[in-house]
Amino acid sequence: MKKYAQVIVDNNSIYTDNFFTYEIPDDILDQIKIGHRVLVPFGKSNKPIQGFIFDILDENEEHKNTKKIIDILDEEPLLRDVDIKIIKWMKDEYLCKFIEAIDCIYPKGYRVNTYKVIHLVNNNFTYENLRFEEKKIIDEILKHKGKISLDKLKKNIKSNIDSYIKKLREKRIIQITWESKSIKNEKYVYSLRLNIQNSEVENTIQSLNKKRSFKQAQIISFLANKEKVLLDDLIKELKVTKSSIKSLQEKDLIKIEKIDYFRKIETTYKIDEKEINLNQEQIKAVNILKSNIQNESKKPFLLHGVTGSGKTEVYIKIIQEMLSLGKDSIVLVPEISLTPQTIARFKNRFNDTIALLHSRLSDGQRQDEYKRIKQGKAKIVIGARSAIFAPCKDLGIVIIDEFHESSYKSETSPKYNTIEVAKKLCEETGSILLLGSATPSIDEYYKCEIGEYNKIELKNRANNKQMPPIEVIDMKEELNNGNKSIFSRALYEAIDNNLVNKTQTILFLNRRGYANFISCRKCSYLFKCSSCDISLTYHKYKNIAKCHYCGYEVEVPKKCPSCDSLYLKEFGIGTEKIEEEIKKYFPNARVLRMDRDTTSKKGSHEDILNKFKNGQADILIGTQMISKGLDFPNVTLVGILSADMMLNFPDFKSSEKTFQIINQVAGRAGRDLLKGRVILQTYDTEHYSIRYAKNYDYLGFYNEEIKIRKIFNYKPFNSLISVVVFGKNEKSVIKNIQKIYDAVIYVLNKKGINNFQFILGPNPCPISKINNNYRWQILFKDLDIEIKLLKGIIKYICIEKRDFLLDSDVSLSIDTDPESIL
DNA sequence: AGCACGCCGACT
DNA sequence: GTCGGCGTGCTC
């Protein structure tokens, strides 16, 4: 009986974002499964493209003209059953296309290359009657055994031949079809062994020598009495070429076996392995988790453990438990704390059972890791956000460390929230979800309060040390007392002290570059990016002004470009400036700076950390990058240079973020035997973020913040959906965002809703231009309206009716619960 | 999206 | 004629 497949095709268009029905040919009927990647003919020209099987049906009621699937592209289905569920869920949740959700899941090296080939179909033509160019085409095709790729043909015949090809086609002399090649970017090694009995070896060698196949004879004698030899070794050893090996294979004298080769990932960072001795709190935490493994319905766990309370040890113990049950674990870490140090900690413990997935892997390496997980060779996956989609076979637990980090929200469509995806994944697979943080996000902590999550607490630091005391310094006061420097007197003295005592200092400022902007003091000319609505950051070392959004750089002239005065001045501070000031005040101090500018080279990250760890520097200056996971026993002082810098951001999460980052950076001091000290400089000493952070009082902060969220209808009480229209043509952008607004109002009116308080906009985005794209947004809150209904309406207007409604010169971005609305 | 096709103006 | 540029319509 014929069967039919429901296929999602790899075509990133809204019009093809639905199931296509294909007939399954008999020869693959018994192999094909849901989740398989297949090759299907598509469109008028039957171009072969990738597709994904979402369902297999016995009948095909709706369509008459079904085409047949060409082939299956992988032995095993690329998508697991749970992947299919997640894809469907993501599509609804994040208002994205099927193919966008699918793209999150399978490694991007798997693809199909297509090209057109031109071949002779008919010999019933008189060559002599053809025109010169037509002859040339036919000659070229015949030269390549009756078939050549169109690209190659055009390259070989340099003149324009399109019209002659068309003519030949009309005369039915040639035909153009599509061909394809499946690319997997996989690496294999090959092993050789004899395919003849030992007793036959002598004879074979003799007969080969007779035919003057000396190299082949040499290979046979080399292989004799050996179990297996690697192809590469053989080639090196005997200085033979692949051709002699190939002919031996054709004569069936040897067997070649393909072996998966896994490219090694280098980790240069080494740490001394400490024996894990869990304290009472940690043991209790592990036991709670363990007792839940068999539990049918699993609530997620929120592990609230103060900095240094040993969350990682808890993770390791529960992973060990999972391993002993044969189950897989996924550990997600924010990209910036996926440091060699963190990796080494897990690697030391689990060795080769670990697969690593992060942005710095090459495509090949990522592919290898993917395969190792898929084949069950790696049972523990450590990675950033996207590792949540790792193809584990039998998942036991998902751990999201530092789950409050904003990097768990994807910035590209689909703009998924990793915690939500993980929750769905765990629900579907019956796995445990463990969210760990010292400073939980307000949203998730609220879910503990209302009983959606179980809470586990680690209240004490593993070594029972107190958190280092935080001294808050009022920089307004410093200024009043005549100190114009970026260092308060207290911080200056503390740094000086540390230099004398030969202990180390970390200075934190969440901004790279030298100064945030540069302008003319005479005419107030401001250096701005030509393609973005952003002032340029000054990088003194290179003497450039740089746009941190699009990367645009311009050399800073001596004179003001507008009024020719010499009064150009930079304002605000960045890490580069701190480095300069430190060198000015403490010329003998050895300084390292770690930010995106100094870590762009591969391995530079490791370099800086290793140097600091080995005591080759006294002071480490850095951005967010240094706020996490670093464990340096000799650091006794942490200076937070401008704690309130983030507070001025127009973002409802800025208080939360400030509180979190102070906590994290402070935790870098006094981690070992030496006593730590934190100096926090701010202009706003009375802000509640700073007040509670000073005492490491998470609950106090939470209670204050949750009240504000309630009053202003922010998360977790209300959702926010942002719709941004952007494009090069500002008028068109405005016109189109207005169309969306009008359409939403129209639909709402029809549904009897007349109060539009919950819609904000359309307005220009706070950053109104990026990369020459003008940006306008509408914000929707689910106030007095069901979130499902709201999403439905937005989906209907912005996705389903998009082409009908919107012009083609604008693009659209939808973000549910955006991390930032800039 | 991305492909094919068809129509139209420009140009040897 | 004939080249190529763009607008249109469809994808099992």
Side-chain angles (χ1 to χ4, degrees), chain A residues 2-25 28-29 32 34 36-73 91 95-103 108 111-118 130-134 136-137 149-151 154 157-171 174-180 412-414 727 732 798-814:
Chain A
K2 272 186 184 166
K3 288 207 176 195
Y4 299 88
Q6 298 280 282
V7 177
I8 294 295
V9 294
D10 187 4
N11 184 250
N12 192 14
S13 154
I14 194 71
Y15 309 105
T16 52
D17 184 36
N18 45 42
F19 292 133
F20 284 79
T21 311
Y22 281 90
E23 193 185 316
I24 303 171
I28 56 168
L29 194 54
I32 203 160
I34 290 176
H36 254 129
R37 196 167 60 109
V38 291
L39 199 63
V40 293
F42 195 69
K44 249 184 209 165
S45 63
N46 284 328
K47 181 184 177 180
I49 59 170
Q50 273 191 130
F52 296 86
I53 308 276
F54 269 60
D55 209 352
I56 293 173
L57 306 172
D58 291 330
E59 299 195 11
N60 173 27
E61 291 145 6
E62 293 138 64
H63 295 280
K64 285 171 220 145
N65 303 324
T66 48
K67 295 177 183 174
K68 278 188 183 175
I69 291 172
I70 302 168
D71 206 357
I72 303 176
L73 287 168
K91 184 178 159 66
L95 308 177
C96 67
K97 286 168 247 171
F98 276 117
I99 201 69
E100 286 175 319
I102 293 171
D103 279 343
K108 60 174 182 215
R111 61 175 199 275
V112 172
N113 272 3
T114 48
Y115 49 94
K116 280 176 171 172
V117 291
I118 170 163
L130 296 176
R131 304 176 66 159
F132 174 69
E133 284 86 353
E134 292 178 336
K136 251 176 123 179
I137 293 168
S149 87
L150 196 61
D151 285 347
K154 284 187 178 176
I157 304 174
K158 289 193 180 66
S159 57
N160 194 317
I161 50 169
D162 284 359
S163 57
Y164 301 105
I165 289 175
K166 206 180 154 197
K167 284 234 181 73
L168 285 169
R169 254 178 106 182
E170 280 161 2
K171 285 191 251 178
I174 59 161
Q175 200 181 16
I176 294 177
T177 54
W178 285 96
E179 286 198 357
S180 65
T412 50
S413 184
S732 180
C798 297
I799 297 180
E800 284 160 24
K801 292 286 164 214
R802 187 222 146 100
D803 197 57
F804 173 74
L805 197 67
L806 301 186
D807 298 327
S808 55
D809 63 340
V810 295
S811 305
L812 190 90
S813 160
I814 303 171

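Reminder, nothing fancy here: chain letters follow the sequence lines and each chain counts from 1.
Straight-line distance from the CZ atom of A:F98 to the P atom of C:dC12: 17 Å, rounded to whole Å. Between A:I8 atom CD1 and B:dA1 atom P there is a gap of 17 Å when expressed in whole angstrom units. B:dA1 atom P lies 12 Å from atom CG of A:D17, rounded to whole Å. Protein atom CD1 of A:I99 is 15 Å distant from nucleotide atom C1' of C:dC12, rounded to whole Å. Straight-line distance from the NZ atom of A:K116 to the P atom of B:dC3: 8 Å, rounded to whole Å. Rounded to a whole Å, the CD1 atom of A:I49 is 10 Å from the C1' atom of B:dG2. As a whole-Å value, the separation of A:K166 NZ from B:dG6 C1' is 9 Å. Atom P of nucleotide B:dG2 and atom CG of A:N113 are separated by 14 Å, given to the nearest angstrom.
Candidate nucleotides B:dC5, B:dC3, C:dT11 were compared by shortest atom distance to the side chain of A:W178, and B:dC3 ranks first. The nucleotide whose nearest atom lies closest to any side-chain atom of A:S163 is, among B:dA1, C:dC3, B:dA4, C:dC3. Nearest nucleotide to the A:Y15 side chain, out of C:dC3, B:dA4, B:dA1: B:dA1. Closest to the A:K47 side chain, of the nucleotides B:dG2, C:dT11, B:dC5, is B:dG2. Proximity note for A:S13 (side chain, C-beta onward) versus B:dA4, B:dA1, C:dC12: the nearest is B:dA1.
Across all strands, A:K68 comes closer than 4.0 Å to no nucleic acid atom at all (heavy-atom distances). Across all strands, A:F42 comes closer than 4.0 Å to base atoms (heavy-atom distances). When heavy atoms are screened at a 4.0 angstrom cut-off, A:N12 is found touching the sugar-phosphate backbone but no base atom.
Contact annotation: the side chain of A:I53 approaches that of A:V7 to within less than 4.5 Å [non-hydrogen atoms, C-beta and beyond].
For A:F98 and A:F54, the distance between ring centers is under 6.0 angstrom.
If you take CZ on A:R37 and CG on A:L73, they are separated by 4.5 Å, rounding to the nearest 0.5 Å. Taken from CD1 in A:I70 to CZ in A:F42, the straight-line distance is 12.5 Å, to the nearest 0.5 Å.
Within 3.5 Å, no donor on the side chain of A:T66 pairs with an acceptor on the base of C:dC12, nor the reverse.
Taking 4.0 angstrom as the limit, A:T16 places none of its side-chain polar atoms (N or O) nearer than this to OP1 or OP2 of C:dT11. Residue A:K44 places no side-chain N or O under 4.0 Å from the OP1 or OP2 atom of C:dT11.
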- Message: Using side chain to side chain contact (heavy atoms under 4.5 Å, CB included), reason through A:L95 and A:C798 one step at a time and then give a plain yes or no.
- Response: CA-CA 9 Å; A:L95 308 177; A:C798 297; over 6 Å; no

